[in-house]
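Chain A is the first sequence line, chain B the second, and so forth, proteins listed ahead of strands; every chain is numbered from 1.
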Number of protein chains: 4
Amino acid sequence: MFLETVRSEGLNHFSYVVGDNGKAAVIDPRRDCKVYVEIAKRHGAQITYIFETHRHEDFVVGSLELARRTKARILHGKTLAFKYGEGVKDGDTFNLGDITLKVLETPGHTPESISLALIDNAAGDKAVGVFTGDALLVGDVGRTDFYPDRKEELAEKLYEILHRKLLPLGDQAIIYPAHGEGSVCGGSLAAREFSTVGYERQFNPMLAKNRKDFIQHKIWEEHHTAPYFRQMEKFNQDGIPLVAKLLEPEPASADDFSAAVENDGLFVLDVRSPGAFAGSHIQGALSIPLDRLALMAGWFLPYDRKIGLVADRDSDAAEARLYMMRMGYDNAALYLAGGMNSWAEAGKSIESIPAVDVETLRRRVANKEDFLVLDVRNRTEYVQTPSDPSVHIWIGDLPQRIKDLSRNRRIITLCNSGRRAIIAASLLKQAKFGDVEVCLGSAKTYKTLQIPGKTSKRVAA
Amino acid sequence: MFLETVRSEGLNHFSYVVGDNGKAAVIDPRRDCKVYVEIAKRHGAQITYIFETHRHEDFVVGSLELARRTKARILHGKTLAFKYGEGVKDGDTFNLGDITLKVLETPGHTPESISLALIDNAAGDKAVGVFTGDALLVGDVGRTDFYPDRKEELAEKLYEILHRKLLPLGDQAIIYPAHGEGSVCGGSLAAREFSTVGYERQFNPMLAKNRKDFIQHKIWEEHHTAPYFRQMEKFNQDGIPLVAKLLEPEPASADDFSAAVENDGLFVLDVRSPGAFAGSHIQGALSIPLDRLALMAGWFLPYDRKIGLVADRDSDAAEARLYMMRMGYDNAALYLAGGMNSWAEAGKSIESIPAVDVETLRRRVANKEDFLVLDVRNRTEYVQTPSDPSVHIWIGDLPQRIKDLSRNRRIITLCNSGRRAIIAASLLKQAKFGDVEVCLGSAKTYKTLQIPGKTSKRVAA
Amino acid sequence: MFLETVRSEGLNHFSYVVGDNGKAAVIDPRRDCKVYVEIAKRHGAQITYIFETHRHEDFVVGSLELARRTKARILHGKTLAFKYGEGVKDGDTFNLGDITLKVLETPGHTPESISLALIDNAAGDKAVGVFTGDALLVGDVGRTDFYPDRKEELAEKLYEILHRKLLPLGDQAIIYPAHGEGSVCGGSLAAREFSTVGYERQFNPMLAKNRKDFIQHKIWEEHHTAPYFRQMEKFNQDGIPLVAKLLEPEPASADDFSAAVENDGLFVLDVRSPGAFAGSHIQGALSIPLDRLALMAGWFLPYDRKIGLVADRDSDAAEARLYMMRMGYDNAALYLAGGMNSWAEAGKSIESIPAVDVETLRRRVANKEDFLVLDVRNRTEYVQTPSDPSVHIWIGDLPQRIKDLSRNRRIITLCNSGRRAIIAASLLKQAKFGDVEVCLGSAKTYKTLQIPGKTSKRVAA
Amino acid sequence: MFLETVRSEGLNHFSYVVGDNGKAAVIDPRRDCKVYVEIAKRHGAQITYIFETHRHEDFVVGSLELARRTKARILHGKTLAFKYGEGVKDGDTFNLGDITLKVLETPGHTPESISLALIDNAAGDKAVGVFTGDALLVGDVGRTDFYPDRKEELAEKLYEILHRKLLPLGDQAIIYPAHGEGSVCGGSLAAREFSTVGYERQFNPMLAKNRKDFIQHKIWEEHHTAPYFRQMEKFNQDGIPLVAKLLEPEPASADDFSAAVENDGLFVLDVRSPGAFAGSHIQGALSIPLDRLALMAGWFLPYDRKIGLVADRDSDAAEARLYMMRMGYDNAALYLAGGMNSWAEAGKSIESIPAVDVETLRRRVANKEDFLVLDVRNRTEYVQTPSDPSVHIWIGDLPQRIKDLSRNRRIITLCNSGRRAIIAASLLKQAKFGDVEVCLGSAKTYKTLQIPGKTSKRVAA
């Protein structure tokens, strides 16, 4: 038997290849799916089944793409009207050599969610592992807010299947969830990627709650819902064009790139580091540092405009395009060949955003300089280490909330490193705010430097 | 927290890098240790501890090599007189960010064996995992025969620590052993690489035995002991030259290679496939197919002669050298540039070994042709699917047992694919047996084709 | 300015990327064309022109494939009715930054052949290099036999353009031909890949001939014409399906593979080394060692049957498929997962071909054993080092000539290493010859071992 | 025959592997020399000779390193007292299969310089190529100023050998020089990398000069002489420690890195892009963008202090270290793990340098703002597109000239893209200049925007 995990960085999405004796199944493949074929080949196996634990909201599932290459059957929960694949139900079993994958219908995160118990018939009849999708995660459980008017029902269902289906698999079962820490599909996931039913039973705070508290907690729980989720739902229910048919973004000279901006409305996405964007960027560009792109693109990028990439090197542009593709953004059309150096050589105009460190920020607060600190972390972070005096608007909400901010005052954006603060600063500049600075430092440290007696104004979360 | 497994194919040795918040530990590193540094770097961590769960018998541990690069402390059991590193004892703890590694002295496999409980302080106080070395394996426990006159004592100790130290960690703990299926350090390991204390408690047959049966079983149990184990023990207790100082094997033309054979006593090791060796090879060459080399080199290769490699391509020769190095064979001096094609082009003489398939073998048996089938599988395989009529000598024993075989009869070697049979055939030809053939097929299939009424003669195991 | 050569091994085809200041041209691209895009990107350039020096006979040109990715214009000689691209004529110029590419119509090898003079306007007005297609090669000139009834006309044209167009470019010009040594498009190419007009003027024997001798030589000259040339001409004149739409060959278990052979008429192509094929192979398989495949596939492989690959490893199967694809063989459907080891493990039947070295061959000749030596080298090799007593049939002609050979005698095949001899041996066995052996050695050496007084019988060439 | 070029980017150094029939020679290897062994192996060849065309000034030659691996002989001009290798003299020949390498003593660039004519005995007796070291380059000839009191003598010698030894080889010979455009070893090299004796004879301006003009030109010619040249001369005459013994730089957390700066005097080298450095950097850091490092390190980096690297990613730090190593900088001790993001997360203080584009710069000049434009390009660039009003100090001279600049005025640095301007800005800030800005744009464009009537003040070159 073999089992390999494929991580999609940024999305913190886990997919799996499991197989035995020449046959393999893939659970929740991503769209760039060559990796699964290669893993299977390495183990001398053919992929015969593709399972989707549920209709994903945060990335485009690669089932159709993978099925095109492998002729494998696509299987998912039967209670949603997918336009492809086959429905499965509780108790269905699928064999791969000595392995049995047994379907458990585990609604809650979504109504059609399934889990798959992994049984090694060569050893014993209890599950040695379980693919839990977004039902049971390491340190948390799946969110239940995707159907706003069915929140209570789904929370109840989740409680039921956790206690009646997943925990009864036994303490010995290793869990293989669809997401790890940092995913938009969970709130309080552990930094650790591995766990067991037994470990979660004892230490997962959500499993310690009784039914009533659990449901209440889930109803009250707040999660971010990105605009792109609707797009993902559509893609994942109906299918999406095959990757093989897409063209790669082409290199463009500084002249061609700026012409495309001016004449064709090219949307400029700059994936360089926060410091590099602060130091010099193209007017109107949106900053999303590459290591945040897989996670954050869906909040800020349009599906209906051609996108031009600015990166430090070609391989970064290729990586950016990959992350975009995983979220269905097939509109990366160009990248600036030679990066900002070629832009500068061509004498094109640049803009900068002044960068400050936390020590400086604190000193300027102490000096009663007139500016507003805009803290764009999520609410949990903000509550744990408040950045008072500040205004808090979570970065994902900023496009909608930007109208609430005064244009007459200097704004200094803040997060835990500068990576989200620079996104915020670029959004403000796109919206023609005149006096924007960015703190390349952490609100956690800022907190320790803080001046007593000040309080923050909470705008929204 | 991060935890990554590094597999050494062939040896089926597992080593681990575990870390948190900028610090990492490596458990049981191999000699080519760059991989650990790279994993740690990828997680932004420095390696500060190197643990050896025990003095390994089957490969050269890379602790000194890794310590040279990282300045990390080397830690191992305190009851053996290692010439480097520091001894640890039951209850010692080592912290890496939020992780605690807690030492459990777990003698049995060897007297100084330790295990390391992995505790995630951010989640709970019970072990989420445990590095078990060769104490508890997936589906089996470690062998206890390395000190022949202390077999009973060590079996008792192993029983004790399994039931008093490892099982009490709780069903939820994932086990991270030092070896997987196919290792010479275990007998009946599962093909699956992952398990938990809870799964093993329920399904590991050795944990189901009572104390008396367990000890009896361990005393009676038979394992292969390779000649090279003594060398490994010495290297691993005293240290071995650093890899960085070794030279790589040089390419040699057919003329230079044959001159080295004739004039310098070069030992020729041919790592090509069984069929390729059978088809054409250099006189006197030993065949060990590349995918068997990591496991089998120690039974057949000399430490004190220069070795010349024959491979299909340069990268295979490099891989062969890597496997050899992991077992302390630093004597790969040459490889035949251009492989057997260049040998043929140079008009050098070749030898062949006739190859037969199992159907042919069976037909010739039925026709009462006069030959001896030499089955070189291990005893378990032989007992499960006997190849009567045949003589059984396990491949590792063949060098010592070759004198028992008659030189007056044709010998046809047999295993489960031809990979060990070709080693055997090459050993016989090295020993000047005149009439040797190889079966490129499986004794398992042969069995089903068999003629009733014949019985095998058992020579040895 | 940059200029990079892309070599296609086996075909010994050279293609080029040349560019300056953000623009690049590709000359004679192959079908797997990502490499050109990557080179251009590395130099910050966009590919704007694709030149075909002529309609190639020996591989599928990748112009359409590359144009799909880059939107570049495709340019070739105007005197052939290509179904795509644009015609160019003598004196047309194309600029890339400071570079000028100037078209020279250079008919001879084919009527529509062009060359491209490379002028560096930053330095001087004479050509610093010239892309010569198959007109002028290193040490030879292009063959002129593709239009059998226009041989004299084309030979005349070639003489003219060599002396009136190419030599006048000046001694200083470096030549960049479409092929190197070993190509089927030339006869006596030098082993060296680089030369200049001046060097060729002085040392190319074809340029030393007067007009009459030159034409006579070209008319008399003999070249091999592979069956697949017609297919290439069609593909290259009309276009071929895009690579992106092709599926990769799938791994097949031994059972599935043998079922495909028996039930679907799968054609088995074994790309392992000669020794490996000799040692053990699947009945009916054709042997073409991987390093001969790119060159020889077109003589032996069918376009209209599914092909199953046997290789030592998956990457070899992928490489074989690549070579096939370059010649328009898009019918590699399967490969045997796990190679011959998995075949043996499954107990499938195998066949062998006895292998002999040249010393043995010679001894057996001396002993007057009754067999026929079949020398399958080309005529030049055969004439230079005759292998008497032997029958000479060039390997490419063997499929047509096989009927001339007696089935009542042992045949031992011979070339210069065994790589073509094993192809021949496998063809004989496919044709049900009963007693076939292969010499894994070189006729060159054989010659030196020879017995006086024997003469060879020449069957054909 | 095979001939491959190995380019060392940045240094624009070319080394070569040439060989035939199992033997190879390397000309002017660099210190990281595995690449040569790999090329030779790919061609089935052993490296038997290592030639040094002269004692290099701009990088550490890898002859000893390569000889350690290959046992090859090291050969160089006999008129310098090297502490290793053997001297060769005019007319000496060395054979590799059918190749002859013939030594030409070609003093001029240095007194012991040699060239090597490449003769392909299989084709003709004239040179098909010539390895010219720094004697004859593409579009230029070597500099003759390394022995200030022997300038005239060396210029004369160079003239002699060009016209009496190199040109007589014939127009057909391809030249293989030791350097390409951008090297510090030449002034006016062509952007093209390939040429022939014939092309240079016709278009190289230095070869068009008569003896007197040539010598005068060479005496007057000005070149930059880096401080590190003395170190290179010593290393290359006496030898340098083997690379295999060096340790790689270790990752350091922000805390450890800043502690090393404060406590151990760590010298911080930041290799990120100009915009990134401008946006945010560590106080006191020297900026040398990675793509300038190979060329410029020797002007600014100390040999006697531990150096800590700041890069966007680990692989950049590794690349930086490689470039440093090629110039004998074996003192890269640390790199900042996680780069500037981890620095920001740790709340460390940062500094910025305001960046302006050329349009802005021009506008501010027009507005008569009070600042000084410091143009750090080389004199040729400066003369071709003056940036008046400005002060011109070539970047390599800045450390010595910095004392000439006023600390009371704002300084804006300028080059052709920002890559040298940012080095200059960081040097000024290291020297405690208070008001420094950087122009991320090109003086070439600036020129076209210029205000008439202003003139520049020339400080030095």
| Rounded to the nearest 0.5 Å, how far does CD of E359(B) lie from CD1 of I350(C)? | 12.0 Å

| note | Tightest non-hydrogen contact, residues G275(B) and S280(C), listed as CA-CB, 4.3 Å

| request: Find the distance between CG (D316(B)) and CG (D312(C)) and round it off to the nearest 0.5 Å. | output: 8.0 Å

| How many angstroms lie between CG in L440(C) and NE2 in H281(B), if you round to the nearest 0.5 Å? | 12.0 Å

| said: With a 6.0 Å cut-off (strictly less than), is the heavy-atom count around CD of Q283(B), excluding the residue itself, greater than 12? | reply: no

| request: Heavy atoms only: give me the nearest G279(B)-A355(C) pair and the separation to one decimal. | output: O-CB, 3.5 Å

| said: If I take atom CZ from residue R272(B) and atom CZ from residue R272(C), how far apart are they, to the nearest 0.5 angstrom? | reply: 11.0 Å

| Between OG on residue S442(B) and NZ on residue K348(C), distance to nearest 0.5 Å | 12.5 Å

| task | Please flag which part of S352(C) lies under 4.5 Å from any non-hydrogen atom of chain B: side chain, backbone, both or neither. | result | side chain

| note | Okay, S349(B) and chain C: the region with an atom under 4.5 Å from a heavy atom over there is both

| Engaged part of V438(C) at the chain B interface, taking heavy atoms whose separation is under 4.5 Å | neither

| message | Please find the pair of heavy atoms, one from A344(B) and one from S417(C), that lie closest to each other, and give the distance. | response | CB-O, 3.3 Å

| query | Between atom CD of E345(B) and atom SG of C415(C), what is the distance when rounded to the nearest 0.5 Å? | reply | 8.5 Å

